[in-house]
Amino acid sequence: MSQEAAFTGPLAGQTAIVTGAGRGIGRAIARAFAGAGAAVVLASRTREELERTLEEIRQAGGRAVAHPADVTRKPDAEALVARALSETGRLDIIVNNAGVFVWKTLGNLEEAEWDRVLATNLKAAYLLIHAALPALGKAPRGRIVNVSSIHGTVGDANVVAHCAAKFGLIGLTKALAVELRGAGITVNAVCPGSTENRSLAEAPPPHAAPLAEKLNAEDVAAAALFLVSDAAAPITGAVLDVWGGTRVTIRG
């Protein structure tokens, strides 16, 4: 990523890593951050999807690089952080958005499926945070955003592994916020409701009011952008629900 051009915006001069950036919410967050002036390192398992996000950001005049990675693996998480530092010499923001979803009753859920859901939605966040902490600690204001889910606060049938992982991600968020409060690093979570993952080129603009049952990915990206902004500087350990009109059928 060239540092020659003068970029403006609330995230100008900052570097962000966004996992799961090839589609859906991660793609929307990456685009929003780049639009706000950040240099964005895009991570996902699928190179083709990353290249599409990369091209969209570049077409809009933003800065980004694509870095295919399996962030459930420690070497991949460490290489991702190293890539960010080699590109810009700094790391300010990480967004843990990588996730998988299995719709099955517990009785039909295979052990390998349980492990995959927990590894992608929870362990991957630990690995990337662990790798990124030294760099984030040197940033003027380090920011960690974990993308949980409505299933991180509301239990539901047929998504036991997903709930376990996303509830765990919120626990990680709250505990780490306390642990890092003296290091100048904020740690927050955003919990989307049901989200439409169509191509952003086809999706309508963000909702003016949270009435639709399904959110647009950009709605969630706007919340993530707020959490890494100066306006959210005093906010840490927060869980921001972005549910829109998603119906909650199981109440605690």
Side-chain angles (χ1 to χ4, degrees), residues 1-5 7 9-21 26 29-45 50 53-54 57 62-98 120 122-147 169 172-190 221 224-230 232-238:
M1 286 179 282
S2 172
Q3 297 281 13
E4 296 176 1
F7 286 84
L11 301 185
Q14 298 185 48
T15 301
I17 293 173
V18 180
T19 68
I29 290 173
R31 285 172 44 134
F33 284 14
V40 186
V41 180
L42 313 168
S44 172
R45 289 189 179 100
L50 284 183
T53 305
L54 176 62
I57 289 173
R63 293 177 298 166
V65 293
H67 186 93
D70 178 355
V71 286
T72 67
R73 300 180 63 252
K74 183 178 181 180
D76 283 29
E78 292 175 341
L80 184 55
V81 172
R83 179 68 184 277
L85 294 175
S86 70
E87 291 286 346
T88 67
R90 62 186 290 171
L91 179 59
D92 305 86
I93 301 164
I94 60 171
V95 178
N96 291 299
N97 173 69
T120 308
L122 183 55
K123 181 181 178 182
Y126 151 72
L127 289 174
L128 183 56
I129 293 169
H130 188 273
L133 274 180
L136 290 175
K138 295 176 183 177
R141 53 182 193 86
R143 300 288 184 262
I144 298 171
V145 176
N146 297 319
V147 180
L169 191 57
L172 182 152
T173 298
K174 289 182 173 291
L176 197 58
V178 177
E179 188 170 312
L180 298 180
R181 64 185 177 184
I185 301 170
T186 64
V187 190
N188 295 294
V190 59
L225 183 59
F226 165 70
L227 288 173
V228 302
S229 71
D230 285 340
I235 300 174
T236 192

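Computed from heavy atoms alone, side chains included, the values below leave out hydrogens, waters and symmetry copies.
- Not one N or O on the side chain of Thr173 forms a donor-acceptor pair closer than 3.5 Å with the backbone of Val187.
- Of all heavy-atom pairs between Asp92 and Ala139, the closest is OD2-CB, 3.6 Å.
- With rounding to the nearest 0.5 Å, the separation of CZ in Arg31 from CG in Leu54 is 12.5 Å.
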Verify side-chain contact (heavy atoms from CB on, under 4.5 Å) between Leu180 and Leu136, making sure each step is shown before the conclusion. CA-CA 11 Å; Leu180 298 180; Leu136 290 175; over 6 Å; no
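- Thr186 contributes atom OG1, which lies 10.5 Å from atom CG of Leu176 (distance to the nearest 0.5 angstrom).
- Of all the heavy atoms in Thr236 and Ala177, the pair that sits closest is OG1-CB, 3.4 Å.
- Using a distance-only test at 3.5 Å, with no hydrogens or angles considered, a donor-acceptor pair links the side chain of Asn97 to the main chain of Gly20.
- Side chains of Ile57 and Thr53 form a contact here, defined as non-hydrogen atoms less than 4.5 Å apart.
- The distance from atom CG of Leu128 to atom CD of Glu78, rounded to the nearest 0.5 Å, is 10.5 Å.
- Applying the side chain to side chain contact (heavy atoms under 4.5 Å, CB included) test between Leu122 and each of Asn146, Leu127, Leu169 identifies Leu169 as the sole match.
- Using a 4.5 Å heavy-atom cutoff, the side chains of Leu91 and Leu85 are in contact.
- When all heavy atoms of Ala77 and Ala131 are compared, the pair lying nearest together is O-CB, 4.1 Å.
- In plain terms, the two heavy atoms of Ala232 and Phe226 that are nearest each other are CB-O, 3.1 Å.
- Proximity of a side-chain donor or acceptor of Arg90 to a complementary backbone N or O of Gly13 within less than 3.5 Å is detected.
- For the residue pair Leu50 and Ala66, the shortest heavy atom distance occurs at CB-CB, 3.9 Å.
- Between the CD atom in Gln14 and the CD1 atom in Ile93 there is a gap of 4.5 Å [rounded to 0.5 Å].
- Rounding to the nearest 0.5 Å gives a distance of 12.0 Å between CD1 of Ile29 and CG of Leu42.
- Side-chain atoms of Asp230 and Pro10, non-hydrogen and from C-beta on, never get closer than 4.5 Å to each other.
- The CD1 atom of Ile144 sits 11.0 Å away from the CD1 atom of Ile17 when rounded to the nearest 0.5 Å.
- Looking at Thr72 and Arg45, their side chains come closer than 4.5 Å, going by heavy atoms from C-beta outward.
- Side-chain atoms of Thr15 do not come within 3.5 Å of backbone N or O of Thr88 as any donor-acceptor pair.
- The minimum heavy-atom distance between Ser86 and Arg83, with the atom names listed, is OG-O, 2.9 Å.
- In this structure, the side chains of Ile185 and Leu133 come closer than 4.5 Å at one or more pairs of heavy atoms.
- Between the side chain of Thr19 and the backbone N or O of Ala98 there is at least one donor-acceptor pair closer than 3.5 Å.
- Asn188 places a side-chain N or O within donor-acceptor distance of the main-chain N or O of Ile235, the cut-off being under 3.5 Å.
- A donor-acceptor contact shorter than 3.5 Å links the side chain of Arg141 to the backbone of Val228.
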